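Here the structure is laid out as structure tokens; the discussion comes afterwards.
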Amino acid sequence: MPAMRCPRCRVRLNRATTEHGVCFVCPKCNGRAVALALLRHDGSKDAVRSLWIQSHDKTGTPGAKCPVCDQPTVEVSLPIGPSSSGSALRLDVCAGCQFAWFDPAEFEQFPSAPKVAEEKTLPQPAREKLAIREVQMLASKAEAESDDGPPLDEPWRWLPAMLGMPIEQNGPAVNCWPWLTWGLSAVLVAIFAMTVSNLRVVIDTWGLVPGDPWRYGGLTFATNFFLHGGWLHLIGNVYFLLIFGDNVEDDLGRWRYALLIAVSALVGDVCHVLGNLHGAHSMIPSIGASGGISGVIVFYALRFPHAQLGMMLRYGFYFRWIRFPAYVAMLFWFLLQFFYAFEEQMGIGNVAALAHLGGAAVGVAAWCFWRFGATKESM
């Protein structure tokens, strides 16, 4: 799990223990990240409820990045002092992680818990409305965290779900149009449509052959990326590129995103060639964009480890939805690729798992480089 970082200074937060729990303090600016559950112990429950409602309903303005998930928070306004003064705290709240960020001296201004006697003075209708609102919030939260409910908000999700593909249920927001992801997907589909009538000849000519990698001056290191062996092969690669590529493109920017895909594909091809110079697959052409897409998938899982994915599992005639974070999916994916790589070396598999692992290694290296760059920038 990535370390929590100050949204202002980008330095690592220090763990601090209080009477009722743990918060995280920036050693540079003295800001702090505090869970809403901890605020309920020390502060006014009405104030905490107001923070939650505003952040959940997104009635505030976009705030700083959350120190937990690194996604934009909602900047909410919390009145303090007499109502006539008009003074208010401006706090950054992440509804997903349920954390609030306090800049220096703001935590001390947070309203304290009212006395029981004062709480009893609330009119009965007001107490009933607050109770109903809190029940609604708890019900909404329970529904969002339920493992049984499929994401029915977009009908197209049913198609990949029925094919056993993961669905991004609670992914990071995208702030720009992912033109490169869409454009590359369109190119892959167009090339397949142009070659499908003569697919066998095209693959034999332009696929990457491990035993003869320097055909056409090594051009097949590039051409094999755009070829696919069938509709299912194409749909699988394009689907994963569209699901995960938009977030990575948004995070890295188009040029660095393009570099990630290109280097992942190249390193994946080199690993495949080195692992199959001799043996059953030495003269079998390798095709597909999965080496480059593997780098994108792994970068996504490391960059957004808590993004929620969903999948439909079938038990006979019954179906069940499960949810899991991206880092869990990545660990399972790695185990599957190592199994496929073993089969590949035994000559009994038809999945270029070494290319996948090579591309994944580039994704890990790119994420590590990003983390190192962010750390240096904050020092």
Side-chain angles (χ1 to χ4, degrees), residues 156-168 180-210 213 219-246 261-262 264-273 275-276 280-298 300 309 311-312 329 332-334 336-345 347-360 362-363:
W156 68 265
R157 293 173 181 264
W158 280 103
L159 179 59
M162 296 300 292
L163 295 175
M165 295 181 177
I167 294 172
E168 191 181 33
L180 186 55
T181 298
W182 293 347
L184 180 58
S185 300
V187 168
L188 294 178
V189 172
I191 290 178
F192 181 80
M194 290 187 295
T195 58
V196 66
S197 61
N198 199 25
L199 198 58
R200 187 70 264 167
V201 174
V202 173
I203 291 174
D204 289 340
T205 304
W206 297 107
L208 177 65
V209 178
L219 186 60
T220 55
F221 277 99
T223 56
N224 81 98
F225 178 90
F226 298 96
L227 303 178
H228 291 84
W231 283 108
L232 289 180
H233 188 198
L234 173 72
I235 291 171
N237 278 349
V238 170
Y239 175 77
F240 282 104
L241 179 62
L242 290 172
I243 291 298
F244 301 116
D246 57 349
I261 294 178
S264 297
L266 178 60
V267 172
D269 286 343
V270 171
C271 290
H272 179 73
V273 168
N276 292 278
H281 296 106
S282 61
M283 298 308 296
I284 297 178
S286 171
I287 56 172
S290 52
I293 297 172
S294 295
V296 173
I297 292 174
V298 171
Y300 175 96
L309 306 178
M311 180 176 288
M312 180 185 288
F332 178 77
W333 182 87
F334 267 113
L336 197 62
Q337 298 310 311
F338 281 119
F339 173 75
Y340 286 148
F342 173 76
E343 285 191 333
E344 182 181 359
Q345 293 305 295
I348 57 176
N350 59 356
V351 177
L354 291 178
H356 299 172
L357 291 173
V362 175

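Being a predicted model, the structure only gives us computed values, none of them experimental.
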Among all residues two or more places apart in sequence or in another chain, which pass the ring pair (Phe, Tyr, Trp, His ring centres under 6.0 Å) test with [X]?
{"X": "Phe226", "answer": "none"}
{"X": "Trp333", "answer": "none"}
{"X": "Phe225", "answer": "none"}
{"X": "Phe192", "answer": "Trp231"}

For this session: Apply side-chain hydrogen bond (donor to acceptor under 3.5 Å, both in side chains) to His272 and list each qualifying residue two or more places apart in sequence or on a separate chain.
Result: Asn276, Glu344
Problem set entry | Residues that Thr220 engages under side-chain hydrogen bond (donor to acceptor under 3.5 Å, both in side chains), provided they are two or more places apart | none
Exercise. How far does CG of Leu242 sit from CD1 of Ile293, to the nearest 0.5 angstrom?
Worked result: 9.0 Å
Seminar exercise, completed: Exactly one of Val267, Leu266, Val296, Ile261 clears side chain to side chain contact (heavy atoms under 4.5 Å, CB included) with Val362, and that residue is Val267
For this session: Pick out which of Leu188, Thr181, Ile243 makes a side chain to side chain contact (heavy atoms under 4.5 Å, CB included) with Val238.
Result: Leu188
Exercise. Any side-chain donor-acceptor pair under 3.5 Å between Tyr340 and Gln345?
Worked result: no
Distance-only donor-acceptor hits, side chain of residues 282-290, under 3.5 Å, sequence neighbours excluded:
{"from": "Ser282", "atom 1": "OG", "to": "Gly279", "atom 2": "O", "distance (Å)": "3.1"}
{"from": "Ser290", "atom 1": "OG", "to": "His356", "atom 2": "NE2", "distance (Å)": "2.8"}

For this session: Mind listing the closest non-hydrogen atom pair of Asn224 and Asp269 along with its distance?
Result: ND2-OD2, 3.1 Å
Seminar exercise, completed: Scanning both residues in full, the closest heavy-atom pair of Ala341 with Ala353 reads N-CB, 3.3 Å
Problem set entry | Results of side-chain contact (heavy atoms from CB on, under 4.5 Å) for Phe334 - residues two or more places apart only | Val298, Met330, Phe338, Leu357, Ala360
Exercise. Please, which pairs that meet side chain to side chain donor-acceptor pair (under 3.5 Å) have at least one residue in residues 182-195, sequence neighbours excluded?
Worked result: none
Exercise. Which pairs count as salt bridge (charged side-chain N to carboxylate O under 4.0 Å, His left out) when at least one residue sits in residues 192-208, sequence neighbours excluded?
Worked result: Arg200-Asp204
Exercise. According to the salt bridge (charged side-chain N to carboxylate O under 4.0 Å, His left out) rule, which pairs have a member within residues 281-291, sequence neighbours left out?
Worked result: none
For this session: Evaluate the side-chain contact (heavy atoms from CB on, under 4.5 Å) criterion for residues Glu168 and Leu309: first the C-alpha distance (whole Å), next the side-chain angles of each, then the deciding distance (0.1 Å), finally the verdict.
Result: CA-CA 5 Å; Glu168 191 181 33; Leu309 306 178; 4.2 Å; yes
Exercise. Taking the side chain as C-beta and beyond, is there a heavy-atom pair between Phe240 and Pro166 under 4.5 Å?
Worked result: yes
Exercise. Hey, does Val201 have a side-chain heavy atom less than 4.5 Å from the side chain of Thr205?
Worked result: yes
Exercise. Within a reach of under 6.0 Å around CZ of Phe221, are more than 12 heavy atoms found that belong to other residues, nucleotides or ligands?
Worked result: yes
Problem set entry | Under 3.5 Å donor-acceptor, Ser294 side chain and Gly359 backbone | no
Problem set entry | Steps toward side-chain contact (heavy atoms from CB on, under 4.5 Å) verdict (Leu241, Leu184) | CA-CA 9 Å; Leu241 179 62; Leu184 180 58; 3.9 Å; yes
